[in-house]
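Have a look at the structure below, then the notes.
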Number of protein chains: 2
Amino acid sequence: MVEFHVDRGSGLPAYLQLGQQVREALRLGWLRPGDRLPTVRDVVATSGVNANTVLKAYRELELAGLVEARQGSGTFVKSSLGSATPEDLDPLRAKLAAWVAEARSAGLEDEDVYALLREVLSGGER
Amino acid sequence: MVEFHVDRGSGLPAYLQLGQQVREALRLGWLRPGDRLPTVRDVVATSGVNANTVLKAYRELELAGLVEARQGSGTFVKSSLGSATPEDLDPLRAKLAAWVAEARSAGLEDEDVYALLREVLSGGER
DNA sequence: TCTATTGTCTTAGTTAACTAGAACAATCTG
DNA sequence: CAGATTGTTCTAGTTAACTAAGACAATAGA
């Protein structure tokens, strides 16, 4: 079961935060096809956002073909995201963890790490 | 000189995008103390956002102590961000680029890479 | 001093995000 | 079947983000 946590005042709309967290869970394999998402009322109770906001997030995921809502029973993962298998992912995660450890010992903060990755991924363009 | 590019419809407010881009440029050393930011009117002309929105972004950066606005001459970088020196940064960037190349050849998309980094940085917690 | 440049402020209005509370509809479970 | 659970819809309202256009104020440079 996925746990949502909505950061009020981060500037990012709540329904986008919810959608991102589902997509991220799909990419990392935490959610797989057939899994059930928390009910709308669950999310309302745990995250404090309104039911309409949760519904908006779920509806966008449904429009993207990622989940399927079944009235009376819940919202279920329909399709996966990300092209990597866990077998590919695990060694890459280990290598990345080693690099992160090195970066941190060089004094880099998390934000520095993110900035560096964005730079590398975008090909160093400005 | 930094070039801003505001993505309308990304959900993230424009003034936050501007602020993030300045902070990122500071972390990567693209902006250094003494450098001048684009003028408010420049940003208006190139990015299409309103002057008040640019002003809001610059004012937040000023409140954070990162820049200093001088009426009549411009807005200047006051302080730097990030604790790493370029000498530390360069080898780390090279290693990260190698890892990214490996990840991509394993079929990972950019979003997969971001998700993996977030997971590693947060310590694997759920 | 004069002029252009730059940051700043004011006022007014629009739009999207979000809240609030209630009700309805389909499904599952006992 | 009966009751609980779940997704869904509705109406109304609030708030923050953003737009628009103009004017003012301080500084730099000729």
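On a predicted model such as this, the values are computed, not experimentally measured, just so you know.
Using a 4.0 Å cut-off, some side-chain N or O of B:R59 falls inside it from OP1 or OP2 of C:dC9. Distances shorter than 4.0 Å separate some side-chain N or O of A:T75 from OP1 or OP2 on D:dG7. Phosphate contact (OP1/OP2 of C:dC18, side-chain N/O of A:Y15, threshold under 4.0 Å): absent.
Applying the under-4.5 Å side-chain rule to Ile, Leu, Val, Met, Phe, Trp and Tyr, the cluster around B:F76 consists of that residue alone.
In this structure, B:Q17 contributes its side chain and B:L12 its backbone to a donor-acceptor pair below 3.5 Å. Side-chain N or O atoms of A:D90 include none that pairs as donor or acceptor with a backbone N or O of A:E87 at under 3.5 Å.
Nucleotide D:dT9 holds its P atom 13 Å from the CZ atom of A:R41, rounded to whole Å. As rounded to whole Å, 14 Å separates atom C1' of D:dC18 from atom CG of B:L12. The interatomic distance linking A:R36 (CZ) with D:dT6 (C1') rounds to 8 Å, in whole Å. Following rounding to the nearest Å, A:L37 (CG) and D:dG7 (C1') show an atom-to-atom distance of 12 Å.
Side-chain contact check for B:V77 versus B:L26: some heavy-atom pair is nearer than 4.5 Å.
The stretch residues 48-58 of chain A touches DNA chain D through A:N52, A:L55, each having a heavy atom under 4.0 angstrom from the strand.
The side chain to side chain contact (heavy atoms under 4.5 Å, CB included) test with B:E111 singles out one residue from A:R27, A:E24, A:Q20, and that residue is A:R27.
Take B:R59 and apply the side chain to side chain donor-acceptor pair (under 3.5 Å) test, not counting sequence neighbours, and it matches no residue. Scored by the side chain to side chain donor-acceptor pair (under 3.5 Å) test, A:D35 finds no partners at all (sequence neighbours excluded).
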Under 3.5 Å, which donor-acceptor pairs link side chains of residues 61-73 of chain B to any protein atom two or more places apart or in another chain?
from  : atom 1 : to    : atom 2 : distance (Å)
B:E62 : OE2    : B:A69 : N      : 3.1
B:S73 : OG     : B:R70 : O      : 3.4

Return the polar atom pairs (N/O with N/O) between nucleotides 26-30 of chain D and the protein under 3.5 Å, or none.
from   : atom 1 : to    : atom 2 : distance (Å)
D:dA26 : O4'    : B:Q71 : NE2    : 2.5
D:dT27 : O4'    : B:Q71 : O      : 3.1

